[in-house]
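Contents: one structure, followed by commentary.
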Amino acid sequence: MKLRSFLLFCLALVLTNNLWAQPTAFIRADSIPVFANNNQLINPWAGGMNFCQFSAIDLDMDGTDDLFSFDRTGYKITTYLNGGTANQVDYHSAPEYISRFPELHDWAILRDYNCDGMADIFTYSIGGAAVYKNISTIQNGLQFQLVVFLLHSDRSPNSTHFMSNIPISRVDIPVVRDLDGDGDLDILTFGQASTEVEYHRNMSKEVYGNCDSLNFRWEDRCWGKFQENSLNASITLNTTCPAIPIAPPDPNQTDYSTVRMGGFIDPNLSDAAHAGSCMECLNTDGDNDQEVLIGDLSNAAMTFLHNGGTNLLAQMDSVDAQYPNYDLPVSMTIFPCPYRLDVNNDGADDLIFSPNAENTSENHHSNYYYKNIQTTNTLRVDFMQNDFMQDGMIELGEGCYPTFFDYDNDGRTDLLVGNYGYHTQSGMYPSKIALYRNTGSTNTPSYTLITNDFANIYANNLNLLCLAPTFGDIDGDGDKDMLIGTFDGRLHLFRKDPGPADNFVLAQSFYQGIDNGNFAAPQLIDLNRDGLLDILLGDQNGKLWYHQNTGTATNASFAAAVSFLGGVDVRDPYSFSGYSTPCVYEENNQYRMLVGSERGFIYKYGNIDNNLNGQFTLIDSMYISTFEGGRLAPSVKDINNDGMFDVVIGNYSGGMTIFYGDNNVSTGAENAMPSNALTVYPNPANGMLTLDLSTSSWQDATAFVLYDLTGREVLRTPVTRMQQQIDVSAIPSGVYVTALVTRAGISQRGRIVITH
């Protein structure tokens with residue numbers, strides 16, 4: 001640990017003094033044009049979408065609602081600014097807001113609970129929901145503050161006032177809406193028995209006279225007087241329901257087999273829990289009560305229940321099991337979920353549907369947009385498209401494994417991108433390689449989709465799943481061949497034959513018997529610098545394999561694997577999988593390596609040359625970002641001929657982000673490092689650090705901020721005194737830029753190393 005701290009400290013000195021010739025930072029290159037089907041994509045590098053949850057939020061505080069998307073795949077957040085054009089969908093990718101959100105998982109919906117006009121966050125917490133309050137200001141920008149780790153409700157309001165969590169499963173999505181029309185937000189969720197809907201009424205207006213509190217009581221255990229079948233999505237109306245319990249049950253008499261996701265359990269509710277449901281409320285007939293849409297894990301359709309009661313006493317009186325039955329009904333392979341928001345700037349809420357089942361449902365045409373065609377306070381929708389927002393970005397289904405390669409030898413670097421697969425109604429996952437040809441210049445890249453089935457790998461019925469390509473001249477004939485890693489851990493060699501640039505022919509399946517377990521992510525690279533291409537492999541376990549080429553330039557022969565190469569392991573400490581995807585490149589005549597991971601980090605390693613039997617040095621554990629999604633796959637190349645490396649990153653949502661290397665960028669805020677750097681110690685730090693502003697006008701300071709080397713904000717804490725302690729124990733090891741925010745903006749910056 002002392003050696004590692006020393007190495008990182010030395011790295012900080014090197015970075016601070018700008019001694020590295022290659023880039024120390026990256027800037028997003030979202031402006032690189034991408035064309036597909038004769039159209040220029042609006043948001044090409046937004047990163048793909050699979051199983052999304054949509055909410056409205058004013059990101060830039062200009063008075064117009066923008067768009068927030070949360071993808072269950074990798075818990076990926078995507079943000080879009082709204083151009084505000086009337087009667088049009090007018091969103092443009094705004095990744096600068098992503099880092100402003102806290103780490104979220106499983107589900108996240110945005111609602112304004114305290115009536116301040118700013119959307120707050122309701123998200124999954126163990127057994128229920130956590131709430132983050134929107135505390136944004138014009139001066140400090142978008143910010144959130146945790147106010148409740150686990151929402152509670154009065155579960156016995158008629159007697160003991162027993163408080164317990166509102167039960168919400170991680171696979172469910174609740175309703176958070178004003179159901180009784182009093183101005184504060186209430187909650188609907190399937191109860192522990194999972195067949196009836198619990199209504200938790202917010203009593204903020206009743207108790208405090210305003211809507212700025214989260215004061216819930218269990219109002220109804222069978223809201224709407226209906227029941228969903230525990231085994232399928234069928235609905236029974238006019239059900240009877242026991243009253244709210246007088247007191248919590250005796251735990252010694254509780255049947256804990258009925259536990260769903262925490263909270264106390266009523267022994268009278270003995271139905272078995274089903275796997276998952278999601279809901280949204282809407283008013284279709286203008287009578288001020290709330291109808292409900294229900295999606296279910298066992299159902300491909302959307303169920304609509306009409307409310308024949310009132311906003312105080314819901315009573316569902318009819319069912320549309322194929323909503324909307326008057327238009328094209330929603331139909332997905334499994335578990336569609338509804339989201340109500342105005343997406344076309346006409347002042348009326350529309351509906352978006354997206355699946356909620358990871359890896360088992362639509363993944364590239366998975367966002368169904370239904371436009372509200374009513375002009376009154378009712379809702380009636382028409383189907384518009386099944387690829388909302390996806391039609392404007394690079395979208396390759398699930399998984400995205402890019403590699404830079406000049407396939408046509410025109411001197412311009414193209415992009416070849418494999419994927420895990422495109423979901424089909426049959427349940428099959430066709431895996432393909434897409435070719436994005438560089439149709440720009442050597443200095444100004446521009447990419448055009450030529451085919452989504454490069455070399456006809458899918459068309460030729462090769463039945464390969466999860467394609468991760470790499471290129472190199474493996475047979476010494478002067479052109480580069482293609483080696484593909486697949487789901488089963490095997491490699492497949494495609495020889496480049498004379499003729500068209502895409503004339504790659506399968507030369508050997510299960511190449512030389514190499515099998516690294518599962519999810520082979522190969523790179524052809526002369527790792528030991530003997531003039532022969534070796535094979536470097538990532539795998540599902542998060543480690544690296546190395547097969548040395550012991551043959552010749554024209555007759556490759558690969559030795560048995562060296563496993564756990566360099567001691568690299570990119571697994572999360574609490575996970576059995578890591579999905580390592582390596583990319584070795586040369587920097588200052590020395591090898592460096594980026595390794596993507598399942599958890600969304602890009603790790604950078606050095607000390608590779610002449611050290612293939614030793615431990616590589618972890619230079620940075622968060623080299624690019626933690627906000628590009630899950631199962632990241634990097635590729636490195638100078639694509640704009642400026643002498644600096646650029647990076648493209650694929651993610652499991654089926655999209656990519658791209659970064660230019662830039663020596664002049666150290667954070668996303670300013671371009672130059674001022675001489676009056678912050679006094680922060682110890683450096684390196686591994687738990688607590690001290691911010692010392694005794695030589696500054698600290699009264700003007702408002703916040704202390706840490707950025708990673710891409711300019712992504714990873715920590716922000718208010719400045720309250722001249723010297724204060726700051727907890728960095730949860731920040732991953734790496735090199736960070738420090739910044740002091742004052743009322744006039746960022747005034748001082750420096751660098752710090754964090755080690756653990």
Side-chain angles (χ1 to χ4, degrees), residues 106-109 111-115 120-133 146-225 241-251 254 256 258-269 273 277-281 290 292 311-314:
D106 295 295
W107 57 263
I109 51 179
R111 303 284 187 267
D112 178 13
Y113 84 84
N114 57 353
C115 301
D120 311 295
I121 303 173
F122 290 75
T123 188
Y124 179 69
S125 186
I126 300 173
V131 180
Y132 290 83
K133 182 167 70 172
L146 179 67
V147 292
V148 178
F149 177 73
L150 188 60
L151 275 179
H152 282 68
S153 181
D154 184 347
R155 305 284 293 194
S156 54
N158 300 319
S159 58
T160 62
H161 301 290
F162 173 73
M163 302 297 293
S164 183
N165 62 294
I166 300 174
I168 306 172
S169 162
R170 63 176 295 272
V171 297
D172 284 3
I173 298 178
V175 169
V176 183
R177 298 285 188 186
D178 180 10
L179 298 170
D180 55 6
D182 66 353
D184 53 27
L185 292 180
D186 311 300
I187 292 178
L188 296 179
T189 178
F190 275 91
Q192 280 113 0
S194 302
T195 58
E196 295 93 6
V197 173
E198 292 186 2
Y199 170 32
H200 293 266
R201 186 180 181 188
N202 193 343
M203 303 301 293
S204 180
K205 290 284 287 187
E206 288 78 6
V207 175
Y208 306 113
N210 54 55
C211 58
D212 64 356
S213 299
L214 297 164
N215 183 358
F216 293 95
R217 78 176 186 186
W218 195 11
E219 188 80 2
D220 194 337
R221 66 193 307 165
C222 300
W223 181 85
K225 303 301 180 284
C241 189
I244 300 296
I246 297 297
D250 182 351
T254 298
Y256 284 93
T258 64
V259 173
R260 190 181 192 207
M261 288 298 295
F264 84 89
I265 301 95
D266 185 344
N268 293 321
L269 297 178
S277 296
C278 52
M279 294 183 289
E280 178 65 287
C281 279
Q290 296 292 311
V292 66
N311 59 357
L312 296 177
L313 186 62

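Below, each value reflects all heavy atoms present in this structure, side chains not excepted, and no hydrogens, waters or symmetry copies. Quick caveat: nothing in here was measured; it's all calculated off a predicted structure.
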Closest heavy-atom pair and its distance - [X], [Y]:
{"X": "Gly183", "Y": "Asp178", "result": "N-OD2, 2.8 Å"}
{"X": "Cys281", "Y": "Gln290", "result": "CB-OE1, 3.4 Å"}
{"X": "Asp172", "Y": "Ser277", "result": "OD1-N, 2.7 Å"}
{"X": "Gly127", "Y": "Leu150", "result": "C-CD1, 4.2 Å"}
{"X": "Ser125", "Y": "Ala130", "result": "CB-N, 3.6 Å"}

Is the Phe122 ring parallel, tilted or perpendicular to the Tyr113 ring (thresholds 30°, 60°)? perpendicular
So with a 6.0 Å cut-off around NZ of Lys225, is the heavy-atom count from everything else above 12? yes
So [Y] and [X], do their side chains get closer than 4.5 Å, heavy atoms only?
{"X": "Thr189", "Y": "Ile166", "value": "yes"}
{"X": "Cys278", "Y": "Trp107", "value": "no"}
{"X": "Val147", "Y": "Tyr132", "value": "no"}
{"X": "Asp186", "Y": "His200", "value": "no"}
{"X": "Trp223", "Y": "Val292", "value": "yes"}
{"X": "Phe216", "Y": "Leu151", "value": "yes"}
{"X": "Asn311", "Y": "Leu179", "value": "no"}
{"X": "Ile244", "Y": "Arg221", "value": "yes"}

Supply the atom-to-atom distance [X] [atom1] to [Y] [atom2], rounded to the nearest 0.5 angstrom.
{"X": "Glu196", "Y": "Phe190", "atom1": "CD", "atom2": "CZ", "result": "9.0 Å"}
{"X": "Asn202", "Y": "Asp182", "atom1": "CG", "atom2": "CG", "result": "7.5 Å"}
{"X": "Glu280", "Y": "Leu188", "atom1": "CD", "atom2": "CG", "result": "10.0 Å"}
{"X": "Asp220", "Y": "Cys241", "atom1": "CG", "atom2": "SG", "result": "6.5 Å"}
{"X": "Glu206", "Y": "Ser213", "atom1": "CD", "atom2": "OG", "result": "11.5 Å"}
{"X": "Leu185", "Y": "Asp112", "atom1": "CG", "atom2": "CG", "result": "7.0 Å"}

Just by modelled atom types, is the Val176 backbone N or O under 3.5 Å from a matching donor or acceptor in the Arg111 side chain? yes
Between His152 and Asn165: side-chain donor-acceptor atoms closer than 3.5 Å: no
Evaluate the criterion side chain to side chain contact (heavy atoms under 4.5 Å, CB included) for residue pair Asn210 and Cys115; output intermediate values, then yes/no. CA-CA 9 Å; Asn210 54 55; Cys115 301; over 6 Å; no
Quickly, which of Leu214, Asn114, Asp184 forms a side chain to side chain contact (heavy atoms under 4.5 Å, CB included) with Ser204? Name it, please. Asp184
Taking only Lys NZ, Arg NE, NH1 and NH2, and the carboxylate oxygens of Asp or Glu, determine whether Arg217 and Asp154 approach each other closer than 4.0 Å. no
Answer yes when Arg201 and Asp180 have at least one side-chain N-carboxylate O distance shorter than 4.0 Å, and no when they do not. yes
With side chain to side chain contact (heavy atoms under 4.5 Å, CB included) as the test, would you mind laying out the steps for Arg155 and Glu198 before giving the verdict? CA-CA 11 Å; Arg155 305 284 293 194; Glu198 292 186 2; 3.1 Å; yes
